[in-house]
Amino acid sequence: MTEEGNILVIGSGGREHALCWKLADSPYVKRIYCAPGSVGISTTNKVESVDLNIKDYPALAQWAKDHQIDLVVIGPEDPLADGIVDALSSYGLQCFGPPKAGAQIEANKDWSKKFMDKYQIPTARYKSFTDAALAKQFINTAPYPALVVKASGLAAGKGVVVAATKEEAYQAVDEILSEAKFGDAGQTVVVEELLEGDEVSVLAFTDGETVSLLPPAQDHKRVGDGDTGPNTGGMGAYSPCPLITPDQLADVKDQVLQRAVDGLKAEGIKYVGVLYAGMMVTKAGPMTLEFNCRFGDPETQVLMTLLESDLYKIMKACVNGTLKQLQVTWNTKLSAVGVVIASKGYPETSTKGCVISGLSQVQATPGLTVFHSGVARGANGTLVTWGGRVLLAVARAASLRAAAAAATAAASVIDFPGAHYRKDIAHRAFSKINGLSYLQSGVDIDAAATLVREIEPIATATHRRGVLGRLGCYSGLFQLSAMDPSLKDPVLVQGTDGVGTKLKIAEKMKKYNTLGQDLVAMCVNDILCAGAEPFAFLDYMACGRLQVNVATTIVRGIADACVLSGCALLGGETAEMPSMYEVGKYDLAGFAVGVVDNARQLPRTDCMRPGDVVLALPSTGVHSNGYSLVQKIMTENNLKYTEPAPFSTDNKSLGEEFLTPTGIYVRDLLPAIKKDLIKGLAHITGGGLLENIPRILPPTLKVKLDASKFNIKPIFAWLQAKGQVSEYEMLRTFNCGVGMVVIADQADVEALQELVGKDLAVIGSVEQLEKLGALQVEVAGFLAALRPLAALWSRPATQPPRPLSYKDSGVDIEAGDSLVSLIKPLARSTTRAGVIGGLGGFGGCFQLKAIEQEYKDPVLVLAADGVGTKLRIAQKMNKHSTIGIDLVAMCVNDILCNGAAPLTFLDYFACGRLDVDVAAAVVAGVASGCKEATAALIGGETAEMPGMYPPGVYDVAGFALGVVERDRILPKINDIAVGDIIIGLPSNGVHSNGFSLIHKLMKKLGLTLEDKAPFSREGLTLGEELIKPTRIYVRSVLPALRSGRVKALAHVTGGGLLDNLPRVMPPATRARLNAHWWNVHPVFAWIADAGSVTDDDMLRTFNCGIGMVLIVAPEDQADVMNITRSFGAMVIGTIQARPPGGARVVVDNFASAVHFTRRMPMLPSKKVAVLVSGNGSNLQALIDTTRDPTQCMCSEVALVISNKKNAYALKRAEEAGIPTLVFNCTKYDSREEFDRAISAALESHKIDIVCLAGYMRILSSEFVQRWKGRLLNIHPSLLPRHPGLSAQQQCLDAGDSESGCTVHFVDEGMDTGPIILQERVPVMRGDTAESLTERIHLAEHRAYPRALRLLATGRLRLSPRGELIWYS
């Protein structure tokens, strides 16, 4: 190619501008004409816009010949669909674009779908209709989600509706077919299957034979950040798109684009130009959503900046059929991002004639290119808006994130009235481009959600009378009045336990269906020992990777066992902890609650006496204790769990025998308890007969048991023989055939056996203890009873016996006893009225009489939680004292969300080898947290499980119980309304969620916990920052709850703001939050930057600075803020109506808030002077907030000036240690002279900002001008209404329904300066000027600091012309 050619480009938008811009780079292009073109296109070298009638084909062809046009390039789809190529080709002109028949692939979606089916191009299932009723019937009955509704014809990119519901799909059908929204384009409607995945645009050059791919791109159709709002023509794009793999891209080339070109050829259509495939990358692979017959807009603008080859040569190769001979190259080492700046009202309308500024500044910046989409020339040569999409700023950079940041920054510089743009273009790709996500760190939130859906009906099936709510809430709820009405003095009995190393056998056998019964049995049998009827259960499941099928199996077993024991499964916690557990490894803990009348509480030690009878219910096998010794015996004998069990009567394997579930004794014994036939019950768990029976005996008695009367199962004889286990070790390790011991009066034995059944056997008696401190359990004839069975499996004589003990297997009972002695005083320090007994019993007890005066219809609220992989931080640092606080916080903060005050707490501590000092430190933290939460630590479980946890590793779980009056249960979802206020309480940092991502990040960056934290204001290490404990919100929230003014609370835990707020909101509402209204903790900016974590992942993984959210009515905002302000409360958003299919939570300005947090350390602190004449309550609010480091005010009150020497404000300042000055106006000849003196004082103190706070003087013009842009005032009305004095009375006289306050810059007028912000206060019936003033003052105390923060941090300034300029 040597000759220069002339080109005619058809079109006028940003796509055509980009094509002209790239074509002009070619040395083979002499001149480019663009019809009709645009102002922007005309500024491109070699390009001239021409006004031609592109529908008058003969005239157009003649014009092209007259101007020696070598190639016609058609940009938009409409001319192609109208047949422009066919017409011009007939005159001998070469056209880059398909003929009318080829354009059908976009212009007729019905034809296109049939074409895809015919040529086996992967696409969504569909059906076409011309009748609305039939289309809606199909939507309702289709065997797949038929929720994508398309107008068959061309609809300017807006004829596709992706419905969230069938009702939305019906509406789309009506709009297209019945209401003819798209005219002729909507005569046929295509209803398609809704596919799930990522949309990717894959374009290809083609000459009708060969296809040459362009790099994959992604468009952003929705108008708003986070893919919210209506569809547009496209608000931005980026390329290359990493959401499609190279292998998938190759499949698209072969199975979609090449197959389509071949199919068109088979149809007799020579397709030349660009073929655009809109793809959905599903789990099953790429699926074709649609074809377009032209370049995409805005994808083209982005792609052209990456094209290294000559575009003119490519297009000529296509029209000449020689594309195969050309190597097309792209600079895919760079990323390109384009951000559209749209006009006010787009996409519904557009605003024309608005003057555009900032364009030259962007165009002069290297690496940036601006393409014009809707721009015209205005008066005096200015550029003005002339369409919906006005401009598109493209940035190229070495990384996608850098390109996105540069393009977004460029868009922020370009300005015109009503300009708007998305700030999150390419957000879906950030996790793929060296970015981290929670999923990549090993935590699958979607799997957890799937599990909840699976187990919810299972749990619901266990519900009994009294259960309120369902799974998925923060806590489980149970109404006490639904229990036995004969309870006169109810005592709650709570127990927690686990399954121990029995789990390892289940994992090896891959048999999990019995574990649930084990877990429930271990807990309910314990509380049964207090005489309690179980009514509620919660579980805790920890794993390395959540396997939904395994977890569901376990929970199904729990549910079945709950039914057996009369428990309702009210909730639980599933903790996926990849750095704590290997894949396929689990731990379980359970928490059961029961109730007993205090008069029937067991054991009745005062009634026990010598001669009482000891009875027993048999165990089903080993139950759930002693398995570490079992596994040691298996190892020593080189046995496998899959081997046949020689003692089995059912031909089971060893593993199957050992997995026989623990017996549940509730149904057996509860009737006898209620008939007062039982004096004491002992559940034979860890510690065996020797250590469990003494727990229910008075110190003066013992029991003497006859082992010949036990129902000793062969499994125990086998264990004794194979392990040469001593009599003592057998009796204190295993239940030895006795599952539950019963002590009863001799006179009641017959009635007891008749009621319970024949399995209840007499095995001994109660006797007087000869000497205090002697053994309280004596077992006669145990080895004799075992010997006949054990002889069958004795070791050969040649094998020297090696007796095994529980300690040999890694379990140190003495260490456990030592720990109990250390933690008993810790638990006692947390006690409160109602706690009965202490640690050491089978269950913790709480007497409800202690709180009966506070509650008429009490509802119990129960929650379970853990600390997650934050534990690994503590373990690596060997700092364990705060982990217990985290544990309590995670549980009690949850029950607060149901309005409950905490009462009690139990903990579960699991480890491989018990380090008493570590465990004691953890429990000390638990006790500290309990005291802060006003909860009593009444019990717990320490599980030493060798082989389950590596050395130094442990896991913890907590269970909290609280109480709430039924009519005060939160959330009050039905009361939440549009306009309600969202208040946030600050977090203390990361708290206890998201640590798996943090571990992944630190590993990726090669950081250690000893490295200095780059975000720490205190110079702390990463470990010291990350281990800061979770904040407990009991004291900050309970007073507000008791006021009855809070509608809902949301604890921001796993799932972050985006997933936790919806748990307490009506489905028809959304939370609209403004991240500028709270302080994003610096740790989150570090995580986002260092891990390239997307905004969505940040908001869905971390609390991002807000630990607890309150929702209140507008009229209650002031009172609730007054209660919570001292704890850092701030208004962070409002409740809005949720658009159909819209997000439940929208967080505005998060990226800029994070950016502000990054800049915070570099911002100087501004010196503020307050001018005041009176009480100074606003002064106090400014002092308090500027001194609160969590408020990030970047300012300090450095001077207070008054014109009244007796003003109380001066005393406030003196108490705060702030310098004060008093100026007497009578000593100055004029107002100007007086103000000059004040101004001189301000300058001598190097004051940056002046705040007027009840300053009762009119300022001189000279003073106002000198401090312009740095002078603020607050006025008690919603300006411009009611300026001047007595604003509150003016409001009442006018009959206004609302008032409030306004913070504004001061100008020469009376309260006329530019308004910074306002806060509204409702006018109440019967308000006086005084009562209204009081509420407005509270609003002022919130608003003034917020306004000062905006000015001091540089987010706001006043232009020389007196206009507000905002910076995000």
Side-chain angles (χ1 to χ4, degrees), residues 7-23 32-42 47 49-57 60 64 69 71-89 93 95-109 112 151 153-160 182-185 201 203 205 219 221 231-234 237 271-276 278 290-304 311 315 318 338 340 347 350 371-375 386-390 392:
I7 303 173
L8 172 62
V9 175
I10 305 295
S12 61
R15 165 182 49 210
E16 289 74 37
H17 189 178
L19 293 174
C20 290
W21 174 80
K22 189 60 186 174
L23 285 166
I32 303 169
Y33 301 94
C34 191
S38 70
V39 172
I41 290 173
S42 298
V47 182
S49 293
V50 290
D51 187 11
L52 300 174
N53 182 358
I54 62 172
K55 293 187 177 181
D56 185 349
Y57 300 143
L60 185 61
I69 296 301
L71 179 67
V72 180
V73 178
I74 300 93
E77 62 273 20
D78 283 340
L80 293 168
D82 290 341
I84 190 172
V85 170
D86 307 73
L88 296 182
S89 296
L93 292 169
C95 296
F96 184 83
K100 182 175 183 177
Q104 283 185 101
I105 204 162
E106 175 177 1
N108 187 334
K109 291 180 176 60
S112 180
L154 296 176
K158 299 175 185 177
V160 178
F182 301 110
D184 291 344
S201 304
L203 286 71
F205 294 115
D219 184 10
K221 287 293 186 188
N231 274 337
T232 68
Y271 190 103
V272 172
V274 163
L275 184 58
Y276 172 136
E290 63 180 0
F291 282 112
N292 292 329
C293 61
R294 37 72 192 184
F295 284 103
D297 185 348
E299 294 96 334
T300 302
Q301 294 92 305
V302 169
L303 288 165
M304 289 302 104
L311 179 59
M315 290 180 167
C318 288
V340 169
S350 62
F371 295 112
H372 293 226
S373 300
V375 179
W386 209 253
R389 291 187 293 174
V390 179
L392 182 137

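Of the possible polar contacts, none joining the Thr232 side chain to the Pro347 backbone as a donor-acceptor pair under 3.5 Å is found. Checked by atom type and distance alone, the side chain of Arg15 pairs as donor or acceptor with a backbone atom of Phe295 at under 3.5 Å. Panel note: side chain Ser112, backbone Glu106; no donor-acceptor pair is recorded below 3.5 Å. A distance-only check finds no donor-acceptor pair linking the side chain of Asp82 to the backbone of Ile84 [under 3.5 Å].
Among residues two or more places apart in sequence or in another chain, the salt bridge (charged side-chain N to carboxylate O under 4.0 Å, His left out) test is passed with Lys100 by none. Applying the ring-ring contact (aromatic ring centres under 6.0 Å, His included) test to Trp386 and every residue at least two apart in sequence or in another chain returns nothing. Under the rule for a side chain to side chain donor-acceptor pair (under 3.5 Å), the partners of Asp184 that lie at least two apart in sequence or sit in another chain are Gln187. Among residues two or more places apart in sequence or in another chain, the ring-ring contact (aromatic ring centres under 6.0 Å, His included) test is passed with His17 by Phe371, His372. Annotation: ring-ring contact (aromatic ring centres under 6.0 Å, His included) contacts of Tyr33 (sequence neighbours excluded): Trp63, His67. Legend: residues meeting salt bridge (charged side-chain N to carboxylate O under 4.0 Å, His left out) with Arg389, ordered by chain and number and at least two apart, are Asp297.
Under the 4.5 Å side-chain criterion, counting only non-hydrogen atoms from C-beta, Leu80 is in contact with Pro98. With a 4.5 Å cut-off on side-chain heavy atoms, Asp219 and Lys221 count as touching. A heavy-atom distance below 4.5 Å is not found between the side chains of Ile10 and Val73. By the 4.5 Å heavy-atom criterion applied to side chains, Leu392 and Gln301 are counted as neighbours. Side-chain contact between Leu8 and Leu60: present, with at least one pair of heavy atoms (C-beta onward) separated by less than 4.5 Å.
Of all heavy-atom pairs between Gly296 and Leu203, the closest is N-CD2, 3.8 Å. Residue Ala237 comes nearest to Pro298 through the heavy atom pair CB-CG, 4.0 Å, listed as atom of the first residue, atom of the second, then distance. Shown here for Glu77 and Cys293, the closest heavy-atom pair between the two residues is CB-SG, 4.2 Å. Contact record, Cys20 with Ile41: SG-CG2, 4.1 Å, taken as the closest heavy-atom pair. Scanning all heavy atoms of the two residues, the minimum distance from Cys318 to Val272 falls at O-CG1, 3.7 Å. Residue Phe182 comes nearest to Ala151 through the heavy atom pair CD1-CB, 4.0 Å, listed as atom of the first residue, atom of the second, then distance.
A side-chain donor-acceptor contact under 3.5 Å links Ser49 and Ser42.
Once rounded to the nearest 0.5 Å, the distance linking CD1 of Ile54 with OG of Ser12 reads 8.5 Å. Atoms CZ and CZ, on Phe96 and Phe205 in that order, are 5.5 Å from each other to the nearest 0.5 Å. Note that CG of Leu71 is 9.5 Å distant from CG of Leu93, once rounded to the nearest 0.5 Å. Separating the CD1 atom in Ile74 from the CD atom in Glu16 is a distance of 10.5 Å, to the nearest 0.5 Å. Atom CD1 of residue Ile105 and atom CG of residue Leu275 lie 5.5 Å apart, to the nearest 0.5 angstrom. Note: Ile69 CD1 to Ile32 CD1 = 10.0 Å, rounded to the nearest 0.5 Å.
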Any chance you could lay out the side-chain hydrogen bond (donor to acceptor under 3.5 Å, both in side chains) test for Glu299 and Tyr276, step after step, and finish with the verdict?
CA-CA 10 Å; Glu299 294 96 334; Tyr276 172 136; 2.7 Å; yes
Evaluate Ile7 against Met315 for side-chain contact (heavy atoms from CB on, under 4.5 Å), listing each step before the verdict.
CA-CA 11 Å; Ile7 303 173; Met315 290 180 167; over 6 Å; no
